[in-house]
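Everything below concerns the one structure shown next.
Along the sequence shown, residues are numbered consecutively beginning with 1.
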Amino acid sequence: MNVQVFDGKNDNWLTTKNPAQLAAATVDGNSGLAPVSWGSEQEKTGWYHMYQPQGITGVQVKDRVEDGNIVLRIPDNWNGKLVAAGIPATRGETSTDLLFSDYVLAKGYAFVASDKGTPGEEQEGDPFAKAKNALSVECASIAKWNRQFRATVRYAQEYLFTYRKTDQVASEIPTYGLGISNGGYVIRYAIENDGKNGEPKLFNGAVEWEGVLWRAEEPNLITSLTTVVQSAKTALYGGNLAAVNSLYEAGLPKGTEFLWPYHDQYYWFLTLNIYRDHFDSHAPKRLQWPEYLALNEQGIRDRSRDDIFEQYSYAKRPKKVKEKVKEIENTGDLTAPLISVTAAYDTLIFPRVHAYPYEQLVKKTGKAKWHRHYVIENGNHIDGLVWNELVDPNRKLQPMLPYVYQAFELLIQWVEEKVEPPESHFVHAPTEPYKITNLKTKQFMNPLTTQG
């Protein structure tokens, strides 16, 4: 255990106002998770309005929990509550610092995050190595993500009880989950299984942002991306209408065509290999992890191995493949309030595969009263693409993070003040470029900031 005090002297803040904390937050391209291209720095609009990290003092704890690296931050003005982050992809424990940590610390919450126990290993000359190999070792698994996340939350609660116990928090520490992408899946799973099988209840509620839906017998990440990889080359570069229609049928939203080349380059093939191989370790023509994503001298993805998926069919694979998925699949059986925030233009975790079916799954369990689902027009999976000159030159996209902040505030009111949030709905994009749409009033508003 490493405990560090942040006293504010010489910019020694707990937040990313501290240059050292900012450096830790932006490793491995983490700044690309935030809408850093949205708005004007000179005019303090968009991201430059949102991102105003405060000078907060407090304590940071770094430790190892179930093979995972964790970071726990406790502000001196701690409000007695905890926010636990679900980390995206196979990223590290500081990857949501720009997204979540600064925001909740400014409000007095303690914050904890981990690398899910599968951090991946660096390899010289391969900037994508950690993403590619994180699940390739024998002890790494998605099931481990769920165990490690729960263990991380218990660690944080026990630390807070032991070292920061007061009359205010003598009996419990209200705890909220906040996760993105794969971390959104982890949040869903945690809320579905909390307090079951003899385990204590840890969570009071959660927000999940573009979470992955795992189901063994229904469309999932493997089935949808298999179709996409099979059809992408002729759809994008051959003008084949049947192939284009296959992409739509797989779940790609219409209107996202301008995002396809970027996702074809960096995400579809890589993601499919990672998760197909995890669940189907004896798949035919399986690649070694360094081949999951390879770029040539011009920086263009090597497509020469795309044909390994030509004949692949998840439905025809041995029963044990689906059984492995079933071990970690979502149930929708919520044990606490959950708000889902979905990007209508998500070109990786397609809403028709991962978001709308999850809403229906929750309804089937009779837990719809504990669920809200907001679908954000023109939102996409990666906020770093918003207004990116190469990917979004026409400034079509709007960021998701401001809506996640709104959802978090609605969650707290729901749990602590019994004020129910608006019913699930499609959220139309504002007509003013630096505004967002208020989830309650549907009027335009400035995004919330990290000022607290």
Side-chain angles (χ1 to χ4, degrees), residues 2 20 22-34 62-71 85-98 113-145 148-149 180-183 185-186 212 221-222 225 229 232 262-309 312 348 381-382 384-385:
N2 176 273
L22 178 60
T26 54
V27 297
D28 300 325
N30 289 333
S31 59
L33 299 173
K62 292 185 176 181
D63 209 343
R64 296 274 295 172
V65 174
E66 296 213 358
D67 298 327
N69 298 300
I70 76 153
V71 59
I87 298 301
T90 50
R91 294 178 182 264
E93 67 277 11
T94 62
S95 61
T96 61
D97 285 0
L98 288 180
S114 81
D115 61 11
K116 302 200 292 278
T118 57
E121 296 182 358
E122 293 183 353
Q123 181 167 297
E124 187 175 354
D126 188 346
F128 305 104
K130 291 176 67 176
K132 293 191 285 187
N133 65 36
L135 290 176
S136 67
V137 297
E138 186 174 349
C139 63
S141 70
I142 292 179
K144 184 178 184 179
W145 291 354
Q148 204 275 341
F149 180 66
I180 169 177
S181 194
N182 277 324
Y185 156 75
V186 170
V212 179
L221 190 65
I222 297 171
L225 288 185
V229 168
Y262 180 86
H263 286 78
D264 174 67
Q265 167 90 344
Y266 294 111
Y267 279 93
W268 291 337
F269 189 71
L270 168 64
T271 304
L272 177 55
N273 275 281
I274 291 172
Y275 297 99
R276 192 282 303 268
D277 289 0
H278 174 61
F279 290 108
D280 192 358
S281 57
H282 298 287
K285 300 183 180 181
R286 177 180 174 176
L287 303 177
Q288 297 299 308
W289 69 259
E291 300 176 280
Y292 288 174
L293 176 62
L295 305 181
N296 63 24
E297 293 181 356
Q298 288 74 42
I300 305 301
R301 183 173 73 82
D302 177 4
R303 312 184 64 93
S304 63
R305 305 309 302 274
D306 286 17
D307 63 352
I308 68 169
F309 289 102
Y312 183 79
L348 180 63
H381 193 75
I382 308 157
L385 299 184

So how far is it from H278 NE2 to L135 CG, rounded to the nearest 0.5 Å?
-> 5.5 Å
Out of curiosity, K132 NZ to L287 CG, how far, rounded to the nearest 0.5 Å?
-> 10.5 Å
Say whether, by atom type as modelled, one donor and one acceptor occur between the side chain of R91 and the main chain of D28 under 3.5 angstrom.
-> yes
Of all heavy-atom pairs between D307 and K285, which one has the smallest distance, and what is that distance?
-> O-NZ, 4.3 Å
Write down the atom of A25, the atom of L98, and the distance for their closest heavy-atom approach.
-> CB-CG, 4.4 Å
Nearest-0.5 Å distance, CG of residue D97 to CG of residue L22 | 9.5 Å
Determine, step by step, whether D280 and I222 satisfy the side chain to side chain contact (heavy atoms under 4.5 Å, CB included) criterion, reporting the C-alpha distance in whole Å, the side-chain angles of both residues, the deciding distance to 0.1 Å, and the verdict.
-> CA-CA 10 Å; D280 192 358; I222 297 171; over 6 Å; no
Side chain to side chain contact (heavy atoms under 4.5 Å, CB included) between E291 and I308: does it pass, once the steps are laid out?
-> CA-CA 12 Å; E291 300 176 280; I308 68 169; over 6 Å; no
Check: F279 ring centroid to Y275 ring centroid under 6.0 Å = no
Picking from T271, N273, D277, what satisfies side-chain hydrogen bond (donor to acceptor under 3.5 Å, both in side chains) with Y292?
-> D277
Which is it for D306 and R301 under the salt bridge (charged side-chain N to carboxylate O under 4.0 Å, His left out) test, yes or no, and what are the steps along the way?
-> CA-CA 10 Å; D306 286 17; R301 183 173 73 82; 2.9 Å; yes
Nearest atoms (heavy-atom pairs only) where A131 meets I274 = O-CD1, 3.4 Å
Has the side chain of K116 got a donor or acceptor atom that lies under 3.5 Å from a matching backbone atom of I142?
-> no
Separation of D115 CG from N69 CG (nearest 0.5 Å) | 4.5 Å
Rounded to the nearest 0.5 Å, what separation is found between the CG atom of L293 and the CG atom of D126?
-> 7.5 Å
What is the distance from atom CD1 of I87 to atom OG1 of T118, rounded to the nearest 0.5 Å?
-> 11.0 Å
Could you walk me through whether V137 and W289 pass the side chain to side chain contact (heavy atoms under 4.5 Å, CB included) test, one step at a time?
-> CA-CA 10 Å; V137 297; W289 69 259; over 6 Å; no
Can you see which heavy atom on L33 is nearest to which on P88, and at what distance?
-> CD1-CG, 3.9 Å
Between F309 and F269, how do the two ring planes meet: parallel, tilted or perpendicular, split at 30° and 60°?
-> perpendicular
Nearest heavy-atom contact between T94 and A24 is OG1-O, 2.7 Å
Give a yes or no answer on whether the side chain of D302 reaches the backbone of A294 with a donor-acceptor pair at less than 3.5 Å.
-> no
Could you go step by step and tell me if R303 and D264 meet the salt bridge (charged side-chain N to carboxylate O under 4.0 Å, His left out) rule?
-> CA-CA 10 Å; R303 312 184 64 93; D264 174 67; 2.4 Å; yes
When you measure from the side chain of E121 to the backbone N and O of A129, does any donor-acceptor pair fall under 3.5 Å?
-> no
Under the side chain to side chain contact (heavy atoms under 4.5 Å, CB included) criterion, do L270 and F128 qualify, and how do the steps go?
-> CA-CA 10 Å; L270 168 64; F128 305 104; 5.5 Å; no
Between the side chain of S141 and the main-chain N/O of K144, is any donor-acceptor distance below 3.5 Å?
-> yes
Is it true that atom CD of Q288 has more than 12 heavy atoms of other residues, nucleotides or ligands lying nearer than 6.0 Å?
-> no
In terms of heavy-atom contacts, Y312 and A283 come closest through CE1-CB, 4.2 Å
Looking only at atom types and distance, does a side-chain atom of E93 sit under 3.5 Å from a main-chain N or O of K62, one as donor and one as acceptor?
-> no
For the side chain of S114 and the backbone of G68, is there at least one donor-acceptor N/O pair under 3.5 Å apart?
-> no
